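Quick notes on the structure that follows.
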Amino acid sequence: MEPLPFTLLDTSAPPVPGGTVPDRLRGLLRDGGLDLPRPGHGATAARWATLARWGRSDLPLARLAEGHADAVAILDDAGGTPEPGTLYGVWAARSGGTGGELTGGTGAWKLRGTVRFCSGAHDLDRALVVASGPSGMRLVDVRLDDPGIRRIDDSWNTAGMRASDTLDVEFHGVAVADDALLGDPGFYTDRPGFWWGGAGVAAVWLGGAAGIVDDLFALLRDRGPDPYQLAHAGALYAALQATDALLVRTAEQIDADPKSDHRTAAWTARAAAEQTCRTVLDVAPRVAGVAALSRGGTPAQRLADLGVYVRQHHGERDLAALGAAVLATGDLAMGDLATGAPVTETQGAGGRDGSATR
């Protein structure tokens, strides 16, 4: 692929690594590969380029690596420091009436409830868990070796993203120290970084879509494309490049004004990435054909993974929030628009693991 002056996607596909996802994730942690530039500090595009590269190589690995990187950024926002040699995740889902609940009070906090879509359920060391509390939503730093934590091993029953070890997790009165509560009530979603992180997830989606297109282009080169397949190839290339350019521009906006949440810019980038992914998911199987999809290897698994992962975008619900922000200003300028309405269960914000909040 021909690069833009700055592009999240490399000119060539990264190699597909060997080994299990947990082993490769630990290797990245050990070798410093998970140490990304902080968002909003001048190198957000470089951060997202790494996220896209991970997604282009292996979406389940990218899901866990992005979650760790996001957790580290959240700890930084809270004035904390990650524990060395520790893999983190962010477990924020509050789907279908589930979610963490913080009870008790100072010196006697307990975490209870079921949190759905907890990626890395068996392999992470710590998770930042969103939980409702007496004074509002809190973010809790939890060690995952506590005996009061139970993984529901039969709670993920699809081939897509299976390697991300995403399960429902139950918390049965897990003791929470006062210093494990990060920030004030509402801290998780009130940060500008909440919205920036949502756009970072879109960079992973973009990488996942690019990985599928890599496989498709390799297939076409091997067998010789017809004119219709060439037309599809050109359309997919254009869609990837357009979303890439929008994400780069969004990253530049964040770095130029890190005090703003850039909510509408993040919504827009996510919507564009989701549309590109849906286009790839629709077109690539039709171009590849049954033989390429039914004989094992990476293409079918990549399609299954991306089809599940991109549903962290809430479709029309998120588009409605974007439309409301645009209509509130009456402005189609290239810059960021109004901040929009607060995050609600019905509106959504960017979805981490299927929740109504990112």
Side-chain angles (χ1 to χ4, degrees), residues 8 25 28-29 31-55 61-93 118-120 124-131 137-142 144 179-184 186-207 247-248 250-263 265-267 269-270 273 312 343 349-353 355 357-358:
L8 302 188
L25 188 66
L28 285 171
L29 178 69
D31 298 338
L34 299 181
D35 298 336
L36 303 188
R38 296 290 189 268
H41 284 69
T44 302
R47 176 186 178 90
W48 292 357
T50 300
L51 297 180
R53 185 169 64 252
W54 288 338
L61 175 68
R63 169 68 193 90
L64 299 175
E66 182 276 329
H68 173 88
D70 190 45
V72 170
I74 293 168
L75 287 168
D76 185 61
D77 287 345
T81 303
E83 185 177 302
T86 299
L87 282 173
Y88 285 83
V90 182
W91 294 353
C118 297
S119 295
L124 301 182
D125 303 307
R126 304 183 77 100
L128 307 186
V129 179
V130 172
M137 302 302 295
R138 302 302 303 265
L139 190 62
V140 186
D141 184 357
V142 180
L144 298 179
D179 61 4
L181 300 180
L182 302 180
D184 295 325
F187 161 77
Y188 175 60
T189 55
D190 289 346
R191 302 169 300 116
F194 173 78
W195 303 94
W196 308 346
V201 171
V204 183
W205 299 340
L206 173 67
L247 280 163
V248 169
T250 302
E252 291 171 346
Q253 288 178 315
I254 289 169
D255 287 337
D257 182 14
K259 293 185 178 180
S260 170
D261 59 26
H262 299 280
R263 181 181 308 189
W267 262 329
R270 286 174 63 88
Q312 286 189 350
V343 183
R352 175 175 291 283
D353 301 330
S355 62
T357 56
R358 214 199 74 77

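Values in this document were obtained by computation on a predicted structure and should not be read as measured data.
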Query raised in the report: Looking at CG of Leu75 and CG of Leu182, how far apart are the two atoms once the value is rounded to the nearest 0.5 Å?
Result: 6.0 Å

Query raised in the report: With a 4.5 Å heavy-atom cut-off, do Phe187 and Arg138 have their side chains touching?
Result: no

Report task. Under the side chain to side chain donor-acceptor pair (under 3.5 Å) rule, collect the residues that match up with Thr250, sequence neighbours excluded. Result -> none

Query raised in the report: What is the minimum heavy-atom distance between Ala256 and Pro258, and which atoms define it?
Result: C-CD, 3.7 Å

Report task. Could you tell me whether the side chain of Asp261 and the main chain of Trp195 form a donor-acceptor pair under 3.5 Å? Result -> no

Query raised in the report: Distance from Arg126 atom CZ to Asp141 atom CG, nearest 0.5 Å?
Result: 4.0 Å

**Report entry** Mutual orientation of the aromatic rings belonging to Trp196 and His262 [parallel < 30°, tilted 30-60°, perpendicular > 60°]
**Finding:** tilted

Report task. Kindly compute the distance separating CG (Asp190) from CG (Asp77), expressed to the nearest 0.5 Å. Result -> 11.5 Å

Query raised in the report: What do the steps show when you test Trp54 against Arg63 for side-chain contact (heavy atoms from CB on, under 4.5 Å), and what is the final call?
Result: CA-CA 9 Å; Trp54 288 338; Arg63 169 68 193 90; over 6 Å; no

Query raised in the report: Mind checking whether Val130 and Met137 have side chains closer than 4.5 Å, heavy atoms only?
Result: yes

**Report entry** Gap between atom OG of Ser119 and atom NE2 of His68 - 0.5 Å precision
**Finding:** 15.0 Å

Query raised in the report: Distance from Leu64 atom CG to Leu28 atom CG, nearest 0.5 Å?
Result: 10.5 Å

Query - Nearest heavy-atom neighbours spanning Ala43 and Asp255 - result: N-OD2, 3.4 Å

Query raised in the report: Side-chain contact, heavy-atom cut-off 4.5 Å: Thr44 with Glu252?
Result: no

Report task. Test Leu34 against Leu25 for side-chain contact (heavy atoms from CB on, under 4.5 Å), laying out the working first. Result -> CA-CA 9 Å; Leu34 299 181; Leu25 188 66; 4.3 Å; yes

Query raised in the report: Would a distance-only check, ignoring hydrogens and angles, find a side-chain to backbone donor-acceptor pair under 3.5 Å from His41 to Pro39?
Result: yes

Query raised in the report: Hey, does the side chain of Asp31 reach the backbone of Gly33 with a donor-acceptor pair shorter than 3.5 angstrom?
Result: no

Requested in this report: For Ala45 and Ala251, work out which heavy atoms get closest and say how close.
Outcome: N-CB, 3.5 Å

Query raised in the report: So which heavy atom on Leu36 is nearest to which on Ala69, and how close?
Result: CD1-CB, 3.9 Å

Report task. Carefully, step by step, assess Leu128 and Val140 under the rule side-chain contact (heavy atoms from CB on, under 4.5 Å). Result -> CA-CA 5 Å; Leu128 307 186; Val140 186; over 6 Å; no

Query raised in the report: Any donor-acceptor pair under 3.5 Å linking the side chain of Arg47 with the backbone of Pro37?
Result: yes

Query raised in the report: So with a 6.0 Å cut-off around CG of Asp184, is the heavy-atom count from everything else above 12?
Result: no

Query raised in the report: Of all heavy-atom pairs between Ile254 and Gly40, which one has the smallest distance, and what is that distance?
Result: CG2-CA, 3.8 Å

Query raised in the report: With side chains defined as the heavy atoms from C-beta onward, is the minimum distance between Trp48 and Val201 less than 4.5 Å?
Result: no

Requested in this report: Specify the closest pair of heavy atoms between Ala265 and Gln253, including all atoms of both residues, with the distance to one decimal.
Outcome: CB-OE1, 3.5 Å

Query raised in the report: In a check of side chain to side chain contact (heavy atoms under 4.5 Å, CB included) between Leu8 and each of Leu51, Thr50, Leu206, which one passes?
Result: Leu206

Report task. Assess whether side-chain contact (heavy atoms from CB on, under 4.5 Å) is satisfied between Phe194 and Asp70, documenting all intermediate values. Result -> CA-CA 9 Å; Phe194 173 78; Asp70 190 45; over 6 Å; no

**Report entry** Under 3.5 Å: donor-acceptor pair, side chain of Tyr88, backbone of Glu83
**Finding:** yes

